[in-house]
Amino acid sequence: MKIEDIIDIINIRSNPKAGMYFELFVQNLLKLHLEKQGKHYDIEYPIDNIRLDGYAKDGIDHYEGPVFVEIKGLRSPNSGIIDSIIRTMTHILDSTAANYLILICPIASDKMRTMFRNETPRLILWGISEINELIDAHKEEAEYIANNLFKLEIESDLSKNDSDWKKAREELLMSVKKEYEEGNISLLLGAGVSCSAGLPNWETLLNSLYANLVNKIFNNATVNNDTIKAITNKFIEINNSSALAIARYLKAGLSSKDNDAVFISAVKNALYTSQRTSSSLIESIRNLCIPKSSGAKVKSIITYNFDDLIEISLSGAELKYKTIYRDEEQYESHELPIYHVHGFIPGNGKLDRETPLIFSEEAYHKVYSEPYHWSNLVQLATLRENNCLMIGLSLSDPNLRRLLEIAAQKQSKNCRHYAFIRRLNNDRINATDNVKIDEASVNKILQVHHIIQEKMMDSLGIKVIWVEDYNEIPVLLDKIRE
């Protein structure tokens, strides 16, 4: 096995993370190499506000210590990148007591020396030849490292302090704020936004439709409420399947098609069982949308909710917007487009009989199978071209995850997405179990869970902004707006 083979493995597994996995491979190979020599190797070493990839106090091979290591997963760097690296590495050598700094890149060794013009004797350049010498010296271990990079990545993250997540959150919020100030933010809103104002979540909505179906079966016969409730609960118990399959069952019982006025009316009644109100979360979203003196900061809103709570809030702020829930609808340049990609059911006014409602399983299948469906095109274009802030989304929608995965492969290098996600805590782990898990074990489980969640979201192009409670989100949105 050679480094070229390993690079091929890395690229096949996860192309967006190929550079990071190359660094991880070399780090672990160097650590193993020095341990066999009885020397210690520190992975990641902070100096001058820079975090170098490694530090060998006692040196590496015939290079006497201390030696710094920097690994760059670059295969075709341009002259600007090279000059920047040389300046940074030279400054580090000049300002520290290090004897050498070894710069490692997956570039042909001769080409690397030509590109980097090694004018500083203490800056040592290692390319493909030097990496392959290390691999040849530790063949079996190198193969194991190459085939277990994801596991090693998790172990590396576990060695870090889990309490640093709040510091990481502040850094992410600053990134979002910068992109917001540049007017390059789109908002993606999920059920959590509507639930914050008292509207039913998906489960409650389905339960209301079950009750509607039971009433339809008895056709206004004299049946007391307790009986209706008992029968409804029995229906829910019998149909204990996926939410989309349940929605399909209910639609079949209530009407013949998704955009049938009878069925849409039933969904509307279930949706607005309680009085529509606002919430601190909706108010914070509205404030983000209000243009500043330097112009509008939110480019668009994509909502997966049927309701009009966002529209009502924006109307109160006298902000011009355009609700879009069909392909043929357009908006003016002074209007904020609000795309209801699953359909739109306003609380007041005449119900649109042509509303294309994405509610039941077959409707999802239809959208999933049509790559040029208008809602897919809107979402994909937004995910590829804009920085998206996701609020109140569980991110479990299979079609959205598919679009995120597609966008992650081809989106702009400057395009970043962020999602507010609630952290698990000890109470939630032990909430429903008769067996109490000890605190140390729970903390380990939670740490691994949060790391894997971040990795999973990262593979979809999303950075996680953690919260301990959903009530924190309005406060964090206000920070972005400030």
Side-chain angles (χ1 to χ4, degrees), residues 157-158 160-181 185-203 277-289 297-298 301-305 309-310 313 383 387-397 400-401 404 416-432 439 442-482:
D157 286 339
L158 282 172
K160 299 173 184 177
N161 189 347
D162 192 45
S163 64
D164 287 345
W165 70 266
K166 286 189 177 180
K167 181 180 177 182
R169 181 175 74 179
E170 290 303 312
E171 292 173 357
L172 287 174
L173 287 173
M174 289 304 295
S175 297
V176 177
K177 183 177 178 64
K178 181 177 180 294
E179 289 155 4
Y180 173 75
E181 291 295 338
I185 283 284
S186 286
L187 304 179
L188 272 62
L189 310 181
V193 174
S194 300
C195 291
S196 73
L199 264 63
N201 59 23
W202 186 252
E203 180 182 357
T277 62
S278 187
S279 68
S280 57
L281 178 56
I282 290 175
E283 289 169 3
S284 294
I285 292 171
R286 176 200 63 199
N287 292 339
L288 281 179
C289 296
K297 302 303 178 185
V298 174
I301 293 176
I302 291 177
T303 177
Y304 298 86
N305 303 325
L309 294 184
I310 292 296
S313 183
L383 293 169
N387 299 292
C388 296
L389 182 60
M390 303 174 190
I391 307 167
L393 277 170
S394 66
L395 291 167
S396 59
D397 183 321
L400 174 57
R401 293 174 71 88
L404 280 164
R416 300 288 183 270
H417 305 320
Y418 308 86
F420 289 105
I421 297 179
R422 185 182 178 187
R423 291 175 73 84
L424 289 178
N425 57 31
N426 297 36
D427 293 338
R428 293 178 70 190
I429 290 290
N430 276 312
T432 57
E439 187 175 352
V442 170
N443 289 338
K444 188 74 171 179
I445 292 168
L446 292 177
Q447 190 180 9
V448 172
H449 167 77
H450 292 137
I451 288 171
I452 293 176
Q453 184 85 331
E454 286 182 350
K455 302 300 178 192
M456 182 178 67
M457 290 296 112
D458 190 57
S459 69
L460 295 174
I462 299 171
K463 298 295 182 185
V464 175
I465 302 176
W466 291 112
V467 296
E468 292 175 305
D469 190 279
Y470 293 129
N471 290 331
E472 295 178 68
I473 298 177
V475 177
L476 300 179
L477 293 178
D478 290 343
K479 280 188 176 181
I480 295 170
R481 164 74 183 180
E482 288 174 356

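Note that these values count all heavy atoms, side chains included, but never hydrogens, waters or copies made by symmetry. Computed from a predicted structure; not experimentally measured.
- Looking at heavy atoms from C-beta onward, Tyr470 lies out of side-chain contact with Cys195 at the 4.5 angstrom threshold.
- Not counting sequence neighbours, Thr277 has no partner by the side-chain hydrogen bond (donor to acceptor under 3.5 Å, both in side chains) test.
- Between the CG atom of Leu288 and the CZ atom of Arg286 there is a distance of 10.5 Å, given to the nearest 0.5 Å.
- Annotation: the span from Trp202 atom CH2 to Ser394 atom OG amounts to 11.0 Å, rounded to 0.5 Å.
- Contact check for Ile465 versus Leu389: side-chain heavy atoms found under the 4.5 Å cut-off.
- Proximity of a side-chain donor or acceptor of Ser284 to a complementary backbone N or O of Ser280 within less than 3.5 Å is detected.
- Partner of Leu395 under the side-chain contact (heavy atoms from CB on, under 4.5 Å) criterion, chosen from Ile462, Leu188, Leu460: Ile462.
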Would you please test Ile391 and Leu477 for side chain to side chain contact (heavy atoms under 4.5 Å, CB included) and show each step? CA-CA 10 Å; Ile391 307 167; Leu477 293 178; 4.0 Å; yes

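- For the pair Asp458 and Lys463, the minimum side-chain heavy-atom distance is below 4.5 Å.
- Between Glu472 and Val467 the shortest heavy-atom distance is OE2-C, 3.6 Å.
- Contact detail for Leu404 and His417: the closest heavy-atom pair is CD2-CD2, 4.4 Å.
- Between Ser186 and Ile302 the shortest side-chain heavy-atom distance does not fall below 4.5 Å.
- Taking CG of Leu189 as the reference point, atom OH of Tyr304 lies at 9.5 Å (rounded to 0.5 Å).
- Geometrically, Arg481 does not engage Tyr180 in a cation-pi contact, judged by NZ or CZ lying under 6.0 Å from the ring centre and within 45° of the ring axis.
- One distance of note links CZ of Arg422 with CD1 of Ile473; it measures 10.0 Å at 0.5 Å rounding.
- Here the two rings, on Trp466 and His450, have centers that are under 6.0 Å apart.
- Separating the OG atom in Ser194 from the CG atom in Asn201 is a distance of 11.0 Å, to the nearest 0.5 Å.
- Scanning all heavy atoms of the two residues, the minimum distance from Lys297 to Glu181 falls at NZ-O, 2.9 Å.
- Taking a 6.0 Å sphere around CE of Met456, one finds it holds more than 12 heavy atoms contributed by other residues, nucleotides or ligands.
- Taking 4.5 Å as the limit, every side-chain heavy atom of Leu424 sits out of range of all side-chain heavy atoms of Gln453.
- Considering all non-hydrogen atoms of both residues, Ile301 and Val298 come closest at CG1-CG1, 4.4 Å.
- Paired with Leu173 under the rule side-chain contact (heavy atoms from CB on, under 4.5 Å), one option of Glu171, Arg169, Lys177 passes, and it is Arg169.
- Taking all atoms of both residues into account, the shortest heavy-atom contact from Glu283 to Ser278 is CG-OG, 3.6 Å.
- Counting heavy atoms from C-beta outward, Ile185 and Ile480 have side chains that stay 4.5 Å or more apart.
- Closest approach of Gly190 to Asn305, counting heavy atoms only: O-ND2, 2.9 Å.
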Test side chain to side chain contact (heavy atoms under 4.5 Å, CB included) on Ile285 and Val193 and set out the steps. CA-CA 9 Å; Ile285 292 171; Val193 174; 3.9 Å; yes

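- In this structure, CD in Glu482 is found 7.5 Å from NZ in Lys479, a value given to the nearest 0.5 Å.
- Side-chain contact check for Leu187 versus Cys289: some heavy-atom pair is nearer than 4.5 Å.
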